[in-house]
Amino acid sequence: MPLLRSLRGPEDVRALESEALPALAAEIRDALVTSVAKTGGHLGPNLGCVELTIALHRVFDSPREPIVFDTGHQSYVHKMLTGRVEGFERLRQRGGLSGYPSRAESDHDWVENSHASTSLSYADGLAKAFAIRGDSRPVVAVIGDGALTGGMAWEALNNIAAAQDRPVVIVVNDNGRSYSPTIGGVADALATLRLRPGYENALLQVRQALHRAPVVGSALYDALHAIKKGLKDVLSPQGMFEDLGMKYVGPVDGHDIRAVESALRRARSFGGPVIVHAVTTKGFGYPPAETDQIDAWHATGVFDPDSGASVRKTGLAWTDAFADELVRVGAERPDVVAITAAMLHPTGLAPFAERFPERTFDVGIAEQHALTSAAGLAMAGLHPVVAVYSTFLNRAFDQLLMDVALHRQPVTVVLDRAGVTGEDGASHNGMWDMSILSVVPGLALAAPRDEATLREALREAVDITDGPSVMRFPKGSLPPDIPAVERRGPVDVLRRGSRAEVLLVAVGSMVPMCQAVAERAADHGIEVTVVDPRWVLPVSPELVELAAGHRLVVTVEDGGRAGGVGTTLSQALQDRDVDVPVRTLGLPQQFFEHGSRGQVLADAGLTEQDVARRIAEWTARRTERAEAGVVEAAVEDRA
Ligand SMILES: Cc1ncc(C[n+]2csc(CCOP(=O)(O)OP(=O)(O)O)c2C)c(N)n1
Ligand SMILES: CC(=O)[C@@H](O)[C@H](O)COP(=O)(O)O
Ligand SMILES: [Mg+2]
């Protein structure tokens with residue numbers, strides 16, 4: 001990669017002769033395949049952005065002229081062109097490059113949040129700030145057709161279009177796909193545009209004819225203008241953008257660097273809000289990705305670059321068990337329908353969609369709409385199952401609270417990737433769901449520990465008819481089933497201490513580690529009873545009763561400590577005047593640097609060693625206080 005390695009930054013990209021650019025694109029493409037094959041990552045989206053990103057850095061002066069990438073998963077090329085080629089061998093690894101833009105890595109990176117549909121709002125804010133300071137520099141946002149189906153994008157467009165003097169260049173990277181193929185009216189309008197690549201030139205000819213026409217009476221001008229308007233309306237619905245007051249440039253072949261450069265320069269020259277519609281192919285240039293019909297290698301694990309074969313085989317995933325059980329439930333319950341927010345396969349809904357296509361809805365990257373639409377489906381007598389990643393539920397909290405729970409509607413939300421995910425960085429950890437859901441009146445939340453309890457919890461959830469039910473589980477492979485020795489209401493007793501000393505409340509994926517902690521504690525004379533609440537909201541009377549019977553309660557959850565299961569249990573004990581000390585272990589209120597799940601859990605003190613040590617400390621302290629209390633009492637007696 002001699003050419004790529006010779007580039008110190010965008011200024012070197014701009015200095016290249018046009019003739020050298022195809023070779024640069026080829027080197028970048030090779031570098032992407034070679035490095036992502038070793039680390040995993042978002043290969044498909046980045047292969048689709050090679051030429052587009054080269055052109056962007058030749059036309060705009062980053063970082064002075066901000067380039068904001070929506071979702072940020074397609075910013076690897078941007079990183080390579082801004083001096084970070086060397087870092088790719090440790091992409092998404094602790095201490096290596098983040099898989100998303102990172103303000104700590106480079107001034108060229110503006111937005112780290114991996115949640116989609118935000119870029120236009122950032123661009124609107126940046127542009128307003130520059131305008132206040134009398135600064136006319138342009139701001140560029142790169143947004144995918146998928147992210148353009150998110151509501152925030154249209155809130156921002158409404159604002160951006162309001163100021164014709166603020167130079168915001170919106171590059172729509174249109175590859176026809178989100179994870180799933182992009183859906184809805186927006187997608188249809190973009191697809192219509194894609195099908196008419198020549199219309200823009202035709203329109204350009206008419207515009208030029210109008211401008212070239214000799215000064216003529218208004219009749220000829222009006223006639224020509226009518227032709228232009230008619231041509232525009234008939235040939236293309238880019239009225240979607242122009243009717244908003246945005247200029248539109250495109251569609252342009254997003255893999256033709258010269259064409260993209262030309263379109264970007266033209267857009268820049270307008271000095272106002274403008275859409276550049278680039279048509280790209282996800283996975284472009286690497287056939288195993290380009291031809292993949294499921295998701296064009298949107299996010300891949302480690303693979304063999306020559307064959308494209310996945311290298312790392314994992315066991316049955318949590319998602320697979322959910323997918324299988326939902327199909328079984330769907331066969332028995334014709335009222336059950338499924339909703340995805342542009343992630344049919346990753347959330348496990350594909351088998352349900354294949355079996356019940358008329359009962360499956362992909363709403364685009366629109367979680368807020370998904371929840372309120374689900375409330376509507378429920379009001380009409382159905383039982384929707386909305387499958388999203390835990391972190392993306394944050395976006396739809398108000399809809400869950402006010403549109404589902406307030407109306408006590410039977411909607412089931414299934415949260416995949418709950419808890420620490422790790423490599424996808426801070427905004428992807430599913431660490432807030434138990435905290436934010438703990439304040440939703442009437443909501444039931446299950447955290448299964450294995451396949452058997454997952455299947456059981458899903459069935460229990462779809463039988464809840466008087467409000468929202470939620471089930472959460474982590475990314476990755478299932479553990480072996482973990483049998484209970486006794487069931488107390490919803491609570492499973494997994495290990496009974498020989499005396500009622502410590503009650504260890506293990507939530508979901510924390511169960512295996514807590515079982516090991518209990519064995520380790522027993523070796524040190526500390527008796528630990530391990531229970532799995534299964535349903536962590538609402539707190540069950542049985543769990544309160546179990547807590548009351550012990551001298552110390554310790555809760556361990558793969559979720560935020562603040563407002564989590566431990567906090568909720570403490571409050572429940574307080575409400576029932578149960579005076580037993582509770583110690584809560586969970587994720588502290590911080591954003592975690594990307595790394596493996598194990599590394600982040602260690603950062604949070606959620607390892608077997610950490611938990612065992614804490615329990616030993618708390619137990620010793622209790623004993624010391626008790627003994628001190630005994631001594632004190634004896635001294636008082638003698639006094
Ligand atoms: C709010 C939110 N929901 C879901 C996701 C998961 N997600 C990441 S990228 C992606 C698809 C984005 O599609 P598009 O914007 O078209 O970009 P492309 O990958 O096609 O380049 C999705 C759904 C997300 N990051 N944020
Ligand atoms: C960028 C984004 O939000 C998704 O692509 C996410 O990175 C996928 O995560 P999984 O790989 O866990 O499905
Ligand atoms: Mg797309």
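Atoms within a ligand are numbered from 1 in the order they appear, just like the ligands themselves. For this chain, numbers begin at 1 and follow the sequence in order. Since we're looking at a predicted model, the values are computed, not measured.
Taking only nitrogen or oxygen atoms, main chain and side chain alike, Arg417 reaches within less than 3.5 Å of ligand 2. Below 3.5 Å of separation, one finds an N or O of Gly146 facing an N or O of ligand 1. Any N or O atom pair closer than 3.5 Å counts here, and Asn175 shares at least one such pair with ligand 1. Residue-to-ligand polar distances keep Thr71 apart from ligand 2: every N/O pair is separated by 3.5 Å or more. In terms of N/O distances under 3.5 Å, ligand 1 is not approached by His115. Residue contacts with ligand 1: Ala147 is placed with a nitrogen or oxygen under 3.5 Å of a nitrogen or oxygen of the ligand (distance criterion only). Looking at ligand 1, you won't find any N or O of Arg395 less than 3.5 Å from one of its N or O atoms. The shortest N/O to N/O separation between His73 and ligand 2 does not fall below 3.5 Å. Between Glu367 and ligand 1, at least one N/O pair is under 3.5 Å apart. Considering backbone and side-chain N/O atoms, His428 never comes within less than 3.5 Å of an N/O atom of ligand 1.
Two residues are said to be in side-chain contact when any heavy atoms from C-beta on lie closer than 4.5 Å; Val169 and Val59 fail this criterion. The shortest distance between side-chain heavy atoms of Ile365 and Thr71 does not fall below 4.5 Å. Lys475 is listed as a side-chain neighbour of Asp424, based on a closest heavy-atom distance under 4.5 Å. The side-chain heavy atoms of Arg90 and Leu97, taken from C-beta on, include no pair separated by under 4.5 Å. By the 4.5 Å heavy-atom criterion applied to side chains, Leu32 and Tyr286 are not counted as neighbours.
Contact annotation: for Asp145 versus ligand 1, heavy atoms closer than 4.0 Å belong to both the backbone and the side chain. Contact annotation: for Met343 versus ligand 1, heavy atoms closer than 4.0 Å belong to the side chain alone. By the criterion of a heavy-atom distance under 4.0 Å, neither the backbone nor the side chain of Ser117 is placed next to ligand 1. At a heavy-atom distance under 4.0 Å, no atom of Val388 approaches ligand 1.
Distances shorter than 4.0 angstrom occur between a heavy atom of His42 and an atom of ligand 2. Distances shorter than 4.0 angstrom occur between a heavy atom of Asp424 and an atom of ligand 2. The closest approach between a heavy atom of His428 and any atom of ligand 2 is below 4.0 Å. Contact between Gln74 and ligand 1 is absent, with no heavy atom of the residue lying under 4.0 Å from the ligand. Within the structure, the closest approach of Gly48 to ligand 1 does not fall below 4.0 Å when heavy atoms are considered.
Checking Lys282 against the Mg ion (ligand 3), every N/O/S atom stays at or beyond the 2.8 Å cut-off. At a threshold of 2.8 Å, the Mg ion (ligand 3) has no backbone or side-chain N, O or S atom of Ser178 nearer than that distance. Using a cut-off of 2.8 Å, one finds that Asp174 contributes no N/O/S atom close to the Mg ion (ligand 3).
Shortest contact from atom 26 (N) of ligand 1 to any protein heavy atom: Ala116 N, 2.9 Å.
Looking at Ser121 and Asp124, their side chains never bring a donor and an acceptor atom within 3.5 Å of each other. Between the side chains of Asn175 and Thr281, not a single donor N or O lies within less than 3.5 Å of an accepting N or O. Between the side chains of Ser390 and Asp433, at least one donor-acceptor pair of N or O atoms lies under 3.5 Å. Under the 3.5 Å distance criterion, with hydrogens and angles disregarded, no donor-acceptor pair is assigned to the side chains of Ser427 and His115.
Taking the six-membered ring for Trp and thresholds of 30 and 60 degrees, His78 and His57 have nearly parallel ring planes, at less than 30 degrees apart. Ring orientation note: the planes of His298 and Tyr179 are tilted relative to one another, at an angle of 30° to 60°. Tyr389 and Phe392 have parallel rings, their planes meeting at less than 30° on a 0 to 90° scale where 60° marks the start of perpendicular.
Taking all heavy atoms of Thr118, Ile365, Thr71 into account, the minimum distance to atom 12 (C) of ligand 1 is reached by Ile365.
Closest N/O/S atom of Asp145 to the Mg ion (ligand 3): OD1.
Comment: Arg177 does not engage Asp292 in a salt bridge, judged by the lack of any side-chain N to carboxylate O separation of less than 4.0 angstrom.
Which parts of ligand 2 touch Phe392 is read off a 4.0 Å heavy-atom cut-off, strictly below it: atoms 3 (O). Of all atoms in ligand 1, numbered sequentially from 1 with element shown, those under 4.0 Å from a heavy atom of Ser114 are 24 (C), 25 (N), 26 (N).
In this structure, Tyr100 has its ring center under 6.0 Å from that of His428.
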- Message: As a quick check of understanding, evaluate salt bridge (charged side-chain N to carboxylate O under 4.0 Å, His left out) for Arg472 and Glu557, giving each step before the final call.
- Response: CA-CA 12 Å; Arg472 73 187 307 257; Glu557 56 199 295; over 6 Å; no

